[in-house]
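Residue numbering restarts at 1 for every chain, and letters A, B, ... go by the order of the sequence lines.
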Amino acid sequence: MPELPEVETIVRNFRPRLVGQRIASFNTSWPKSITPSFPRVRSALTDRSITALTRRGKFIVLHLNDASWLLVHLRMSGRFEWAADAPRRPNHIRSTWRFTTGEKLYFCDARKFGRITHTHDLAIATADLGPEPLARNFTPTALRTILKQRRRQLKPLLLDQSVIAGLGNIYTDEALHRAGLHPATTSDRVSATQSERLHESIRSVLRLAIRNHGTSIDWIYPGGWMQKRLRVYGRTNEPCRTCGTPIKSLRIAQRGTHICPKCQPKNGHKRTRRRKRSTKG
DNA sequence: TGAATTGTTATCGT
DNA sequence: AACGATAACAATTC
């Protein structure tokens with residue numbers, strides 16, 4: 001559930017108190033979530049200091065003082081919690097960091113899908129992630145190239161972390177609506193103008209969501225208010241904020257998908273068919 | 001109670 | 001072979 005803006009918010013929130021801490025001990029009650037293995041990660045972490053906290057796609061990256069890294073992926077329901085900040089002992093604690101200051105950090109995860117990975121080579125660990133959509137090198141041309149290189153429906157293409165890192169179900173739907181594109185549109189049929197609009201939509205919706213500290217949909221991720229600004233996600237049958245047409249929910253690539261049928265027409269308004277056929281032999 | 005939820009991976013087909 | 005579509009899966013909530 002947490003996507004790029006939520007992960008970015010978490011990183012910003014935890015950075016001041018986490019960076020500089022030295023790990024006294026690390027423990028888990030769910031070793032399946034730890035890679036390469038709990039004993040190896042425990043010894044890699046013990047007595048190390050955290051020198052920086054960053055984000056790559058939906059991964060939280062803890063930089064350690066021996067030039068190794070700990071990657072945390074929240075998947076659906078993962079979250080961090082400082083023991084001292086919790087009014088009572090949190091539910092679903094899976095892993096615990098104890099620091100030399102005496103502070104304790106919990107990794108809580110109701111659904112146990114979250115993953116914690118230690119690596120000595122960050123580049124290898126993140127090798128199959130696509131570009132950061134908010135980075136300078138993610139230009140309109142870069143997106144145009146991505147769309148033309150493939151021939152896939154836009155929705156699963158944008159959800160694919162190896163294509164672009166950080167988009168999930170919410171912001172994919174939001175970006176496509178803002179760009180006026182139907183999620184089932186085939187990527188190589190997106191025009192240059194549409195591609196440029198999609199590029200702008202992706203970046204502006206992510207920036208807006210970060211400014212709003214992410215989307216709080218349910219119990220999983222509290223604290224954000226981007227849900228007030230969403231235009232399609234979770235708004236089935238509610239009026240489109242652009243044209244008033246009821247938002248429709250459909251299923252694309254086994255994912256719940258939300259569109260405005262008027263703002264995001266299936267084939268655009270032009271060319272509804274193509275005749276070209278491969279004649280290579 | 002079981003349908004819904006998401007990102008990743010394995011598998012199947014072209 | 002490379003790519004794209006699809007199914008399965010992790011486990012829990014409401």
Does the side chain of A:Ser162 come under 3.5 Å of the side chain of A:Asp160 through a donor N or O and an acceptor N or O?
yes
A:His92 atom NE2 is separated from C:dT12 atom P, nearest whole Å, by 8 Å
So that I can tick it off, tell me whether A:Arg229 and A:Glu174 are bridged by a salt bridge, with the cut-off set at under 4.0 angstrom between side-chain N and carboxylate O.
no
Look at all strands and tell whether A:Arg251 reaches a base, only sugar-phosphate, or nothing, counting heavy atoms closer than 4.0 Å.
sugar-phosphate
Counting distance only, does the side-chain N/O of A:Ser49 pair as donor-acceptor with the main-chain N or O of A:Thr51 below 3.5 Å?
no
One should read off an interatomic distance between A:Ile116 CD1 and A:Ile34 CD1, to the nearest 0.5 angstrom, of 4.0 Å
Can you say whether the rings of A:Trp82 and A:Phe14 are parallel (under 30°), tilted (30 to 60°) or perpendicular (over 60°)?
parallel
A:Met226 vs A:Val205 side-chain heavy atoms within contact, under 4.5 Å
yes
Close side-chain approach of A:His182 and A:Leu176, heavy atoms under 4.5 Å:
no
A:His199 ring center near A:Phe138 ring center (under 6.0 Å):
yes
Distances for protein N or O near nucleotides 5-9 of chain C N or O, under 3.5 Å:
none

Could you check whether A:Tyr233 gets within reach of a base, just the sugar-phosphate, or nothing at all, counting any heavy atom under 4.0 Å?
sugar-phosphate
Grab the NZ-C1' distance between A:Lys155 and B:dT6 for me, whole Å please.
11 Å
Quick one: does A:Leu143's side chain get under 4.5 Å of A:Arg203's, heavy atoms only?
no
Beyond-backbone contact of A:Leu74 with A:Glu6, side-chain heavy atoms, under 4.5 angstrom
no
Examine B:dT6: is either OP1 or OP2 under 4.0 Å from a nitrogen or oxygen in the side chain of A:His73? Give yes or no.
no
Rounded to whole angstrom units, what separation is found between the CZ atom of A:Arg111 and the C1' atom of C:dC14?
10 Å
If only atom types and distance count, is the side chain of A:Gln161 paired as donor or acceptor with the main-chain N or O of A:Gly166 below 3.5 Å?
yes
Could you list by number each residue of residues 116-123 of chain A showing a heavy-atom separation from DNA chain B of less than 4.0 Å, or answer none if no residue does?
none
For DNA chain B, which residues in residues 160-170 of chain A have a heavy atom at a distance below 4.0 Å?
A:Gln161, A:Gly168, A:Asn169
Tell me the interatomic distance from A:Leu159, atom CG, to B:dT5, atom P, rounded to whole angstroms.
14 Å
Are there any protein N/O atoms within less than 3.5 Å of an N/O atom in nucleotides 9-14 of chain B, and if so, which ones and at what distance?
none

Please list, chain by chain and in numerical order, all residues satisfying ring pair (Phe, Tyr, Trp, His ring centres under 6.0 Å) with A:Tyr233, sequence neighbours excluded.
A:His258
CZ (A:Arg207) with more than 12 external heavy atoms under 6.0 Å
yes
Check: A:Arg15 side chain, A:Leu53 main-chain N or O, donor-acceptor pair, under 3.5 Å
yes
Those residues of residues 27-39 of chain A lying under 4.0 Å from DNA chain C by at least one heavy atom:
A:Trp30, A:Lys32
Just how far, in rounded Å, is C1' of C:dA11 from CZ of A:Arg115?
11 Å
May I ask you to decide if A:Glu200's main-chain N or O and A:Ser204's side chain share a donor-acceptor pair within less than 3.5 Å?
yes
A:Asp109 CG to C:dA11 P: how many Å, rounded?
10 Å
In terms of side-chain geometry, is the basic nitrogen of A:Arg231 or A:Asp173 positioned less than 4.0 Å from the acidic oxygen of its partner?
no
